[in-house]
There are 2 protein chains.
Amino acid sequence: MREVIRRQRYHHGNLREALVEAALALVEERGSPEFTLREVARRVGVTHAAPQRHFEDRAALVAAVAEEGFHGLRAHVESVAGLAKARDPAARLHALGVAYVQFAVRNPAHFRVMFTAELADKSRHPSLQAASRAMHDFLVQCIEDGQREGFFVEGDPLELAFAAWSLVHGLAVLLVDGRGMGRRPAPLIESVVARLHTGLLPRHRPKRKRRKH
Amino acid sequence: MREVIRRQRYHHGNLREALVEAALALVEERGSPEFTLREVARRVGVTHAAPQRHFEDRAALVAAVAEEGFHGLRAHVESVAGLAKARDPAARLHALGVAYVQFAVRNPAHFRVMFTAELADKSRHPSLQAASRAMHDFLVQCIEDGQREGFFVEGDPLELAFAAWSLVHGLAVLLVDGRGMGRRPAPLIESVVARLHTGLLPRHRPKRKRRKH
DNA sequence: ACCTGAACACCGTTCAAGT
DNA sequence: ACCTGAACACCGTTCAAGT
């Protein structure tokens with residue numbers, strides 16, 4: 001039942017894009033971020049050596065799939081945060097965080113490719129780094145806007161952004177890895193992302209209990 | 001310069017442990033969570049088919065390495081949180097979080113093995129699941145203790161624990177993946193984990209700005 | 001310029017055979 | 001009971017050759 005399109009033309013015409021798409025489809029179909037160059041080539045209908053013209057090695061194809069993921073993630077996050085623009089910066093940041101986790105939960109395998117350990121050395125893939133950075137910059141912008149209006153605590157915006165990213169990314173990773181304690185994701189996401197704003201401490205600290213000696 | 005210990009005895013005696021240790025050493029030496037069964041066998045000095053007696057497949061060895069990681073992580077976290085026992089539950093949770101991230105930063109490759117996508121289906125590895133759960137339970141315990149004394153907000157402790165875990169795990173993952181913005185890890189860890197308690201909102205909300213129509 | 005087809009060194013897994 | 005050695009199907013990468 002596998003649909004392998006064998007190209008009539010000797011030259012594919014757009015092999016690069018076709019390989020990225022095929023890899024992405026493979027990955028999401030079986031829910032695992034792993035794929036081999038050869039199965040991707042088979043799916044597209046070319047020889048296993050054909051990709052070499054377009055991707056220096058397997059890692060380059062993985063990076064291209066990851067890069068497309070970062071673009072999609074950024075588009076989703078920006079559109080959702082844009083809808084929340086009418087509201088205050090805190091609501092916008094909340095929407096941003098929820099959108100981030102939503103993307104991960106909806107595209108789990110793609111999300112895992114984006115953060116696979118094989119790409120840890122991003123210096124080898126500059127355009128991937130740029131795509132990842134673009135999303136980060138948008139987050140920092142949100143934080144800075146909020147700080148200017150007094151909606152967030154003062155301090156280094158990069159540091160606050162990193163804290164926000166940590167919570168949201170950790171939540172995404174844990175959910176994608178099936179560590180969500182079997183709960184429905186949507187309400188869990190809402191409540192966890194909400195903790196980003198208020199933290200775990202009550203608004204009024206309790207009296208220090210007297211320690212029994 | 002590679003030290004390959006070829007066993008004199010025909011029977012290794014403790015091949016299972018030796019394989020786990022060799023895999024762990026390999027992984028940390030080169031900073032990547034990937035390893036092949038055959039190179040681990042070579043390092044131990046046995047045939048590539050020998051591991052089959054002790055591990056059903058490669059995934060089983062990966063799971064064993066991950067499991068050891070969870071035990072180590074739990075030991076580190078519990079000892080650090082234990083030292084902070086004299087202080088209040090909030091300080092204890094902070095120490096727990098910092099210890100979690102410290103472990104990841106100090107054993108990056110091992111940490112990545114623990115959360116590799118290959119083990120996403122943990123149901124196949126019950127003892128791994130147990131080791132992971134033990135750490136989670138300790139965290140929940142900390143939250144519940146703190147709530148009883150009024151140090152944390154009220155609400156479902158599992159949900160609060162999941163939020164705490166998300167922040168701390170996300171921070172660990174991002175740092176291990178080299179996304180720490182080039183800063184020294186220690187102060188960044190301190191400040192990000194501290195945000196878990198207070199959140200990003202100031203203690204007093206600003207007046208709502210009047211929106212220009 | 002772009003792809004094929006064969007070759008190479010490697011891999012995980014299986015299994016009869018050795019001790 | 002535990003490991004070896006050969007076999008199998010697969011993999012990423014390279015490269016001369018085809019169109």
Side-chain angles (χ1 to χ4, degrees), chain A residues 2 4-24 26-27 29-30 32-66 113 116-121 124-125, chain B residues 2 4-24 26-27 29-30 32-66 113 116-121 124-125:
Chain A
R2 170 63 45 79
V4 173
I5 300 130
R6 190 154 266 292
R7 314 299 300 178
Q8 287 78 355
R9 288 169 296 158
Y10 185 79
H11 291 60
H12 189 283
N14 207 355
L15 183 53
R16 200 196 134 92
E17 249 182 58
L19 289 167
V20 173
E21 271 173 38
L24 180 51
L26 256 175
V27 144
E29 270 171 26
R30 61 176 173 224
S32 155
E34 279 153 56
F35 60 85
T36 69
L37 214 47
R38 287 169 104 114
E39 63 186 343
V40 173
R42 274 195 298 270
R43 194 181 175 111
V44 171
V46 294
T47 298
H48 64 263
Q52 205 78 338
R53 294 285 144 191
H54 304 273
F55 297 101
E56 197 185 346
D57 53 14
R58 202 191 82 93
L61 176 54
V62 175
V65 175
V113 173
T116 185
E118 328 170 46
L119 300 178
D121 179 14
R124 284 191 52 224
H125 311 282
Chain B
R2 169 65 45 78
V4 173
I5 299 128
R6 190 154 266 294
R7 313 299 299 178
Q8 286 78 355
R9 289 169 293 158
Y10 186 80
H11 291 63
H12 187 284
N14 206 355
L15 183 55
R16 199 197 134 93
E17 250 181 55
L19 289 167
V20 173
E21 272 172 37
L24 181 50
L26 255 174
V27 144
E29 270 171 28
R30 63 178 172 222
S32 155
E34 280 153 56
F35 60 87
T36 69
L37 213 48
R38 287 169 103 114
E39 64 187 342
V40 172
R42 274 195 299 271
R43 193 182 176 108
V44 171
V46 294
T47 297
H48 65 263
Q52 205 80 339
R53 294 285 142 191
H54 304 273
F55 298 101
E56 196 185 346
D57 53 14
R58 202 191 82 94
L61 175 55
V62 175
V65 174
V113 173
T116 186
E118 327 170 46
L119 302 177
D121 180 13
R124 284 191 52 224
H125 311 281

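Order of the sequence lines fixes the chain letters, A, B, ..., with proteins taken first and strands second; residue numbering starts at 1 for each chain.
- Comparing dA7(C), dA6(C), dT14(C) by their nearest atom to the side chain of R38(A) picks out dA7(C).
- Rounded to whole angstrom, the span from the CG atom of L15(B) across to the C1' atom of dA1(D) amounts to 13 Å.
- The stretch residues 50-61 of chain A touches DNA chain D through Q52(A), D57(A), R58(A), each having a heavy atom under 4.0 angstrom from the strand.
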Practice task
Show your working on side chain to side chain contact (heavy atoms under 4.5 Å, CB included) between L119(B) and H125(B) and close with a plain yes or no.
Solution key: CA-CA 8 Å; L119(B) 302 177; H125(B) 311 281; 4.0 Å; yes
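- dG18(D) is paired with dC2(C) under the Watson-Crick or G-U wobble criterion, all donor-acceptor distances under 3.5 Å.
- The CD atom of Q52(A) sits 11.0 Å away from the CG atom of L61(A) when rounded to the nearest 0.5 Å.
- Across every strand in view, dC10(D) sits unpaired, with no contact that passes the Watson-Crick or G-U test at under 3.5 angstrom.
- In this structure, of dA6(C), dC11(D), dG5(D), it is dG5(D) that holds the atom nearest to the side chain of A49(B).
- OP1 or OP2 of dC3(D) has not a single side-chain nitrogen or oxygen of T47(B) nearer than 4.0 Å.
- Looking only at side-chain heavy atoms (C-beta outward), T116(A) and P33(A) stay at 4.5 Å or farther from each other.
- Residue L37(B) contributes atom CG, which lies 16 Å from atom C1' of dC11(D) at whole-angstrom precision.
- At whole-Å resolution of the value, CD in E118(B) and P in dC11(C) are 15 Å apart.
- Closest approach of V62(B) to V113(B), counting heavy atoms only: O-CG1, 3.9 Å.
- Residues V65(B) and V27(B) fail the side-chain proximity criterion, which asks for heavy atoms closer than 4.5 Å.
- In this structure, the nucleotide among dC3(C), dA7(D), dA6(C) sitting nearest to the side chain of H48(B) is dA7(D).
- Looking at E39(A), its side chain does come within 3.5 Å of a backbone N or O of T36(A) through a donor-acceptor pair.
- Here the P atom of nucleotide dG12(D) and the CD atom of E34(A) are 11 Å apart, to the nearest Å.
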